[in-house]
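Report on the structure given below.
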Amino acid sequence: MLLIIGLTLQSCAFALLLISFDFAYGDVSYSFPEEMRRGSVIGNIVKDLGLEPSRLSARKARIDTDGSDKRYCDLNLKNGDLTASGRIDREGLCGDKASCVLKQELMLENPLELHRISLHVQDINDNSPRFNKDLIHIDISESASKGARFPIEEAHDADIGKYSVQTYNLQSNDNFILGVGTNSVELVLNKELDREILKEINLILTALDGGSPQRSGTVVIHITVLDANDNVPVFSQAVYKASLPENSQPGTVVLTVSASDADEGLNGEVTYDFGHISEDIRSMFTIDHKTGDIKVTTTVDFETASLFELRVTAKDGLGLTSYAKVIIDVSDVNDNAPVIYLKSLTNPIPENVSSGTEVGIINVQDRDSENNRQVRCSIHQNVPFKLVPSIKNYYSLVTTGQLDRELVSDYNITITATDEGSPPLSSSKTVQLSVADINDNPPVFEEQSYSAYVTENNKPGSTLCSVTARDPDWRQNGTVIYSLLPGEVNGAPVSSYLSVNGDTGVIRAVRSFDYEQFRSFKVHVMARDNGSP
Ligand SMILES: *[C@@H]1O[C@H](CO)[C@@H](O)[C@H](O)[C@H]1NC(C)=O
Ligand SMILES: *[C@@H]1O[C@H](CO)[C@@H](O)[C@H](O)[C@H]1NC(C)=O
């Protein structure tokens with residue numbers, strides 16, 4: 001065992017000592033490390049005070065303490081060794097005083113001698129640095145700027161001098177370095193924090209003393225990075241597109257916009273609203289401030305407006321706002337039936353027009369789009385007319401054969417237009433067409449010849465018979481006028497014998513006939529119509 005014993009013979013005592021202990025011969029002082037084993041030798045008073053070992057017992061040499069002072073050493077009466085009587089803990093006895101001196105007295109009788117023994121207890125590195133807590137919580141705002149300092153309570157080491165805390169070590173990390181403050185060690189922000197990348201940081205801070213081997217103590221520093229409202233809400237898309245079938249039920253959700261905000265709490269709470277949009281659009285759509293649902297509130301008509309452009313905003317609790325665009329495409333629904341317009345019509349049409357004559361022009365329109373506006377026009381009737389597609393949505397109504405007013409004088413032509421929507425919509429229009437007369441029928445007698453038998457001496461003006469011719473033409477063209485063809489009967493003109501009523505075809509005798517003059521005669525009656533030609 002190596003003992004470091006500092007020995008000072010204090011032959012000239014202090015004035016005070018001289019007064020109190022005028023019988024003292026001298027003091028001894030020993031220096032030794034704390035925490036020696038019990039019984040370890042501290043020093044030898046026989047040598048140091050020049051005493052006779054054989055007389056120690058006889059002189060009742062002993063370590064004396066007055067009152068409550070504790071005895072720290074024992075005296076070996078055989079050889080004068082001072083030994084440790086128990087544990088000597090420097091820290092317990094002297095705390096962090098720079099020097100730890102324990103006073104003991106050696107008393108001898110016969111003659112009475114009193115020696116002061118100073119025991120200088122030397123520190124050994126028997127204590128580790130200790131932090132007040134195992135875990136230190138610090139809240140640091142992510143907006144803290146580089147160089148900001150955050151004091152941490154120092155570690156304490158019960159040992160003193162070089163065995164006390166000498167240095168600190170901070171677990172290597174991205175953001176902090178160590179700094180020295182007054183009565184504290186400091187975390188110095190070396191790289192700014194970003195809560196959205198790292199919310200919490202745990203760092204181990206180690207305090208080291210100067211012993212050899214070194215002793216150390218650690219503390220965990222738990223850093224909570226507090227949110228600063230440094231994040232704008234971010235929309236999941238810059239432009240949202242949705243398709244809305246026209247005539248959708250009011251209340252239909254067209255689409256949902258969504259923005260996220262990396263901040264926490266109020267800073268990250270996003271509310272949605274419309275940005276600058278026209279009053280018209282505002283009256284047609286609503287946005288749910290919480291969910292971002294955009295709903296249609298009225299019936300949207302594709303034919304009125306097929307595209308809406310809305311601006312939406314997402315705002316966090318503290319007012320940081322971002323913007324997105326919403327494009328709503330209204331998709332067509334086949335909700336408009338084709339409409340047939342009669343653009344021109346020749347009415348009536350003469351019955352003698354040739355086959356293929358254009359008698360009218362039809363136009364069809366459908367307000368829907370694409371297939372919904374593709375229209376076919378047709379006539380589903382057995383009539384001598386057809387539709388011939390012309391430019392765009394125009395059709396010609398043409399005859400497909402010879403007309404005959406005398407057979408059919410009026411046509412109700414029903415034109416049907418059907419679009420290619422699903423389901424298709426159709427509409428129809430009836431075109432009334434009359435056939436105008438042409439004087440194409442000559443009057444025709446009902447019989448080829450008529451005979452009448454008359455008794456002679458008839459009265460002049462008496463009715464002999466009547467002839468009838470028919471003409472199916474219209475009005476004048478079908479009005480039959482009768483007349484006698486010129487001729488002679490017995491050298492006299494026919495008209496001197498007979499007359500025919502031009503309107504009725506009634507034939508009368510003009511004079512009285514004489515059987516003895518002639519028994520029979522023939523006349524030709526002509527029927528002609530009143531047409532032109
Ligand atoms: C055509 O329609 C009109 C009016 O509906 C009707 O009076 C007429 O008799 C119809 N003509 C034919 C030939 O069906
Ligand atoms: C009779 O026929 C002629 C052509 O032959 C025509 O011009 C005229 O309009 C017709 N008259 C009537 C009353 O239909």
Side-chain angles (χ1 to χ4, degrees), residues 129-156 165 167-208 216-240 256-276 287-293 311-326:
R130 285 197 56 147
F131 287 93
N132 203 18
K133 297 172 187 166
D134 295 333
L135 182 63
I136 297 175
H137 289 278
I138 314 181
D139 289 346
I140 301 178
S141 165
E142 62 177 321
S143 63
S145 48
K146 184 176 173 175
R149 305 174 87 86
F150 304 94
I152 307 287
E153 191 181 349
E154 284 179 315
H156 180 258
V165 177
T167 54
Y168 290 93
N169 251 337
L170 182 65
Q171 175 189 351
S172 81
N173 71 97
D174 291 340
N175 298 96
F176 294 95
I177 53 171
L178 271 185
V180 182
T182 43
N183 303 317
S184 66
V185 54
E186 289 180 335
L187 291 184
V188 180
L189 189 60
N190 196 40
K191 176 173 169 267
E192 283 166 358
L193 299 165
D194 186 350
R195 195 198 65 82
E196 289 70 38
I197 293 174
L198 200 59
K199 285 183 193 169
E200 295 183 350
I201 304 171
N202 280 319
L203 293 176
I204 296 174
L205 177 63
T206 308
L208 296 159
S216 63
T218 59
V219 66
V220 175
I221 302 172
H222 177 93
I223 298 165
T224 304
V225 182
L226 296 183
D227 188 38
N229 189 21
D230 55 350
N231 286 280
V232 200
V234 179
F235 274 107
S236 57
Q237 288 167 244
V239 179
Y240 291 88
T256 303
V257 295
S258 135
S260 58
D261 189 305
D263 292 325
E264 264 184 334
L266 195 64
N267 292 343
E269 225 165 73
V270 177
T271 55
Y272 303 96
D273 208 342
F274 285 134
H276 178 76
I287 185 165
D288 188 306
H289 300 304
K290 279 225 171 83
T291 63
D293 286 348
R311 298 195 171 266
V312 289
T313 63
K315 191 153 92 174
D316 68 20
L318 290 182
L320 288 179
T321 306
S322 62
Y323 305 86
K325 203 193 265 188
V326 173

With a cut-off of 3.5 Å and sequence neighbours excluded, list every side-chain donor-acceptor pair involving residues 196-206.
from	atom 1	to	atom 2	distance (Å)
E196	OE1	N231	ND2	2.8
E196	OE2	N231	ND2	3.0
N202	OD1	H222	ND1	2.8

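- The closest side-chain heavy-atom distance from F150 to I221 is not below 4.5 Å.
- Evaluation of the side chain to side chain donor-acceptor pair (under 3.5 Å) rule for D227 yields R195, N267 as partners, not counting sequence neighbours.
- Under a 3.5 Å cut-off, the side chain of N173 and the backbone N or O of Q171 do form a donor-acceptor pair.
- Atom CG of D139 is surrounded by more than 12 heavy atoms from other residues, nucleotides or ligands within 6.0 Å.
- By the side-chain contact (heavy atoms from CB on, under 4.5 Å) test, S260 pairs with no residue at all, sequence neighbours left out.
- The shortest heavy-atom contact between R149 and V180 is NH2-O, 3.8 Å.
- E142 places a side-chain heavy atom less than 4.5 Å from the side chain of D263.
- Taking the side chain as every heavy atom from C-beta outward, L320 and P233 approach each other to under 4.5 Å.
- F131 and Y168 have tilted rings, their planes meeting at an angle from 30° to 60° on a 0 to 90° scale.
- Heavy-atom minimum distance, S258 versus Y272: CA-OH, 3.4 Å.
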Trace of the side-chain contact (heavy atoms from CB on, under 4.5 Å) decision for L187 with L178: CA-CA 5 Å; L187 291 184; L178 271 185; 4.1 Å; yes

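- Panel note: side chain T313, backbone G275; no donor-acceptor pair is recorded below 3.5 Å.
- Looking at E269 and D261, their side chains never come closer than 4.5 Å, going by heavy atoms from C-beta outward.
- Residues satisfying the side-chain contact (heavy atoms from CB on, under 4.5 Å) test with K325, not counting sequence neighbours, are V239, E309, R311, I327.
- With sequence neighbours excluded, the residues satisfying side-chain contact (heavy atoms from CB on, under 4.5 Å) with D293 are V253, T256, D288, T291.
- Scanning all heavy atoms of the two residues, the minimum distance from P129 to V165 falls at CB-CG2, 3.6 Å.
- Atom CG in D316 sits 4.0 Å away from atom CG in N229 (nearest 0.5 Å).
- Residues that satisfy the side-chain contact (heavy atoms from CB on, under 4.5 Å) test with F274, not counting sequence neighbours, are I277, R282, F285, I287, I294, L310, V312.
- E192 places no side-chain N or O within donor-acceptor distance of the main-chain N or O of S145, the cut-off being under 3.5 Å.
- Of the possible donor and acceptor atoms, none in the side chain of N190 sits under 3.5 Å from a partner among the backbone N and O of N175.
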Could you give me the CA-CA distance, side-chain angles and deciding distance for L193 and F176, then say whether side-chain contact (heavy atoms from CB on, under 4.5 Å) is met? CA-CA 10 Å; L193 299 165; F176 294 95; 4.2 Å; yes

